Every structure is written in structure tokens, then in C-alpha cells.
Number of protein chains: 2
Amino acid sequence: MLPELKIQPLRYVLAIVDEGGFHAAARQLHRTQPAISMAVRELERQLGEPLFEKGGKAALTPFGTYCLPRFRELITQHDRLSRELAAQVHQQAGHVDMAAVPSVASRLMPHLLNDFTQRHPALRVSLQDGNADFVRQLVVSGDVELGLTSLWQSEAELSFTPLMRDTVGVVCRDDHVLASRRQVNWEALQGQVLIRNGTSRLLEGTVAEPLLQQSAFDISNMISLTAMLVAGIGVTTLPRLAFAEEYERLRFIPLANPRVEREIGLLRMSQRSLSPAAKAMESFIIEELASTGEV
Amino acid sequence: MLPELKIQPLRYVLAIVDEGGFHAAARQLHRTQPAISMAVRELERQLGEPLFEKGGKAALTPFGTYCLPRFRELITQHDRLSRELAAQVHQQAGHVDMAAVPSVASRLMPHLLNDFTQRHPALRVSLQDGNADFVRQLVVSGDVELGLTSLWQSEAELSFTPLMRDTVGVVCRDDHVLASRRQVNWEALQGQVLIRNGTSRLLEGTVAEPLLQQSAFDISNMISLTAMLVAGIGVTTLPRLAFAEEYERLRFIPLANPRVEREIGLLRMSQRSLSPAAKAMESFIIEELASTGEV
DNA sequence: TTTTATGATAAGGCCTGTTTACCACGTGAG
DNA sequence: CTCACGTGGTAAACAGGCCTTATCATAAAA
């Protein structure tokens, strides 16, 4: 019923009007004059109404005059879309939604994002932070394309690219009996007031697991946790990256026996492809952090 | 550089998403499945980025998700334009700019336009009025497509379609010596106070031309003219159509010797084609007035 | 395993768009 | 007046795009 207008003939019409003739338009469009003539005639046939007067000169009919600005508008919108998509593909525009665990978000991401926006000034990044489960959930649901986190168990639909290893240690106040140790075994913690936190399950499956039973508190909020440590209420275990170095009175002593690490890496859906912008972010992160290794 | 997107493949993408698969989309679009596959793959090649995930199911990539609403938008705009132009061509929408001399505008057009909008409810009409020269000028300049007027001399670039003949007569007050005549010769007017008006040049080239020399006034405004006639200041000549019948004290006596007529018809540019709406108006007027003949 | 979906692929035909070559017409200069 | 050059229109040949039929690979459901 309604004709399917192709963009190119509309362009021809504009060129004919702008250049003032079929020949001139053909020259500008790198086509021959008959190509222009026939395309226009086919367009007129589609519309059921001539666009140009018949008598020799390339003069618009009233209907043609009516059509001209509308053709121009449609072409403009087409070109805008085409340009926009090309920019997305060539990573000159776009948006990345990503997520990271708090330690990564606060310690790694500021520097990382600064460098990233330097290389890709036109790309915008949204960063959410949350615990490992939450990050995983965001990736699985598709709310974010990339996650920086540690993975508890590998799943087929998830792709995990390891980036760095993060050592777990004990955090205590500087006047604690363990504070001056260079390293510590799990037995040394027996009898201590141990505060559990979100990262404590890293000890699960290690010989240090019994420690989890003796913990008196379970504090997930980092601010509350450090406040209790500063108050000398007890000790906790944390990955080094999650240890807030800016608290002067707190000390981090690596756990030596067992040595416990978490592996931080890039999480994404294995089957789902990434947006061009996310591809840029993925390769940037891997390139930037691959050599870093252990923290 | 930037790809030339065709509308149809974009439609395919929408159908695939809406119908949930290539096969279903093919069915809806009355195409075969390979046609859809190949069109999509060609589109992906143009964009340089896949729109659908590779694994079996027709799932959009993030880039595809990004594209989808933009494709939909461009298609909507295309269809809106296509529909709009079709409506113009089929005279279900549109606009006619026309002009007429005052007598026609006030005596013929109200009835004419009423009937016209009844047959073409969606067409809009703009009507200007002015003397014959002005109407002609509007047609020549292209400000209006159609003029209802009398033509002084035919020109090659103007096309004039006669519609009716309008008899010139003498207009005087009911107590004038000529008032009761059924017709009048030009000699009877000698010695009368004759008021010229815009239509007086209809007498040029006739034996009545000497009358123009004896005219004491030249009043172009019809209101002023009738006021002077009602006041009994003099007589004038007018085509019957220009004679305002609603003035009870004025009389119209046809000029018999010479018999002077003006020919009223449809004026348009002969080379320039008409807009669809103007075509509707032209054929309507001719059809409506062709049989009317003499006023 | 068999069946029945899915989408991908290959080969052939038709139609569209383009080019080359030629024509008809109008115009301006010699 | 005529000739040359401008305009756009027309015809035939050709290439490429789009669509079709037929077939295949794969995965999920019976």
C-alpha cells in the first residue's frame, strides 16, 4: 500500500535541486545522468506524482516543492542515525555499565577510570559497587556488562578473566599482641575476639575455617568494621586490597599458614557479546592489569 | 564512509525481535527464512558489529539492543512521510492557494468552497482577492496556483479556462431617468455623470470608449462607489456579477449597444503542474461551473 | 535415539540500478 | 539561419542485490 522509499533517490532529488540540474547532480554524486533520471522517474512512479516539470529544465512541481524539505528531513535523520551507530562501533561514543566489589571500586577504579577516559574521552562509564554476590547478580541479569570481583565457583555461562591475587591477612590495632608480627598462623588467632565480615568466607574450605565459629560479631559495613577495630574490640581478616590503609592505628599482617588468597578478575557473560564500548573497557582493563599480578 | 542503511532490513530486525525468531519473522513478512538471515547479516556487515548473538536463538547483542529503538524510530519517520505523501497524492490532505477578483470571491466562492469542502473534507483552501491584475500577478509569481478572474490578453505561459460570461451594464439609482429601461445604448449615457471604476476598462476597444473621457471620478473601492451611486451623484458601469444586489435603491441595466462582456475563467500557469490538491480544486470548479454559462 | 525446532549455507533466477551510446529539443553565437 | 552545445530522455547491455528452493549443522524436546 504505502511505498517503500529508498534513501538514495531522495538524495538524488536534493542534489538535482541544489546543483540546479540532472547533469550537475550526476557529477556531484559520481553517477551518470541517466542513472539520476531513471531513479527520479522510478521515485515519481512510486509516489504517483511527478516531482519535476517536464519541460527541459529541472524545475520542481508544487508537489516536488512540498516534498523537498520532507525528503531532506528524512535523509538528515537517516544520516544522524548512521553516524551515531558508526561512532558506537568505532568506540568514539558509548556507555559502559559495570560493577565492582567495594575494595576494587575504591582502590583500583579511580586510577583505572582516569586512564580509561584519557584514552577514550567520549566513552561514559557507570560504576556500581556491591559485594561479590551482588556484582555477579548484576552481570547475570545483564544490568551491567562487566564486573570486577572474585568468583566463588565458575559457571558455564560466566566468563572469568583473572587479573590479580589478593592476600588475606589479619587486621588489628597497633597495640595488639599480633601487631608487630610479619606474618601470622591461624592458630595464633585462637582465643582472639574475631569479627566476621563479608570477606570472611574466603576462609571456608581452609584449615582456618574453625576460626569462623569463634567469631563474636558479623559486620558487613566497612565503616562500622573499622570503627570496631580502631576501638580495639577485636580483630578481623581482610584481603589486603580491602584493608583501608588510611587508618593509622590499624595493622595488616598476612596470614601465612594457611596462605589464603582471593582472585580478582573480570566477570562477564560468556555467551553474550559486549557492546563496543564495553569491549574497549574489557581490553583496556586486561591490558592495564594483566601484568600487575599479586597485590 | 557512513553506511547507507536501507529501511527494509531494519524492518526485518524489528520483526525478528517482535516475533521472537527468524522463521516467525519470515512468516510475518511473507519472506523465506534465508532472506531474513542474509539481509540481517548484510546489515551487520555494513555496521561492522553483530546485532544478534550467534548461538542458535535470536537474542540481541547489547549493540543490537542499542540499535533497536533507533531503527524503530527511523522506520516510524519513514512511514509517516510515506503516508503523508500518499495522502497528498490521493487528495486526502493538502492545501490550495488561490485568488479571485472580488466579485467572484464574494458572489461565487462562498457557495463553491462550501461544496468543495463537502467533497474534499481534508483539503484546506486559502483565498485571496484583488483586482484582475493582482490575481494575474499572484498566479505568475507562483504565490497561488489558481486564479478566478478575467484575462485581458492571453499569454503563452498562462492557461485560461473560460467558465462564464458576465454582462456589463449601467448601475444607477432607482430614480434615475435610465432606471426603468430594460437595456441601454451607450449614446444614452452621454451627458451623464459617469463614475469610473476598476472594471471600466472593459469598455476600452468598444464604441463606448468615449464615455471614459467624460467620467468625473475614478473610484476603485466598491464601498465608496456604491455610496456615491446611492447618493445619486452619478452612474457607473459594472459587470452584473460585480453589482451588489443587496442595495435596494440601485438598478442594473444591461448595456445593449455595444454589448460588453467580460469572460471569467480559471487562470493558471500553463507549464507548471498543479499540486494534487489544486488539481482537485481545478477539476471541481470546471465541473461545477462549466455548464453555468452566462450570468 | 528420534523428532522437530532453530539458524546457516549454496546455487540459481529475477529484478533493480548503473553504464554506455544515442536521440530530441531548445538556445545562443557566429 | 545554422551550427554547436546545452539540456534531459531513451535503449540495450551488464553487474549486483535480493529472493527463492534445497540442503545442512546443531540443539532441544519426545
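Please read these numbers as outputs of a predicted model, since none were measured by experiment. Residue numbers start from 1 in every chain, and the chains themselves are labelled A, B, ... in the order their sequence lines are given, proteins ahead of strands.
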### Task
Using a strict 4.0 Å threshold on nitrogen-to-oxygen distance, state whether Glu287(B) and Arg119(B) make a salt bridge.
yes

### Query
Looking at the side chain of Thr32(B), which of dG17(C), dT18(C), dT21(D) is the nearest nucleotide?
dT21(D)

### Query
Given dT18(C), dG8(D), dC19(D), which nucleotide is nearest the side-chain atoms of Ala58(A)?
dG8(D)

Side-chain polar contacts of residues 90-102 of chain A - donor-acceptor pairs under 3.5 angstrom, sequence neighbours left out - could you list them?
unit_1, atom_1, unit_2, atom_2, d
His90(A), ND1, Ala86(A), O, 2.9
Gln91(A), NE2, Pro276(A), O, 3.0
His95(A), NE2, Ser126(A), OG, 2.8

### Message
From the set dC19(D), dT18(C), dA10(C), return the single nucleotide nearest to any side-chain atom of Arg31(B).
### Response
dC19(D)

### Query
Side chains of Met109(B) and Leu148(B): does their closest heavy-atom pair fall under 4.5 Å?
yes

### Query
Does the side chain of Arg136(B) come within less than 4.5 Å of Leu158(B)'s, by heavy atoms?
yes

### Nearest-Å distance for atom pair CE/P, residues Met38(B) and dT23(D)
17 Å

### Query
What is the distance from CZ of Phe22(A) to P of dT18(C), rounded to the nearest Å?
14 Å

### Task
Examine dA8(C): is either OP1 or OP2 under 4.0 Å from a nitrogen or oxygen in the side chain of Ser37(B)? Give yes or no.
yes

### Task
Using atom NZ of Lys6(B) as one end and atom C1' of dG16(D) as the other, report the distance to the nearest whole Å.
10 Å

### Message
Heavy atoms from C-beta onward define the side chain here; which of dC18(D), dA8(C), dC19(D) lies closest to that of Tyr12(B)?
### Response
dC19(D)

### Summary
Per atom distances to the His23(B) side chain, the nearest of dT6(C), dA8(C), dC18(D) is dT6(C)

### Query
Considering only side-chain heavy atoms of Ala35(B), which listed nucleotide, dT20(D), dA8(C), dT7(D), is closest?
dT20(D)

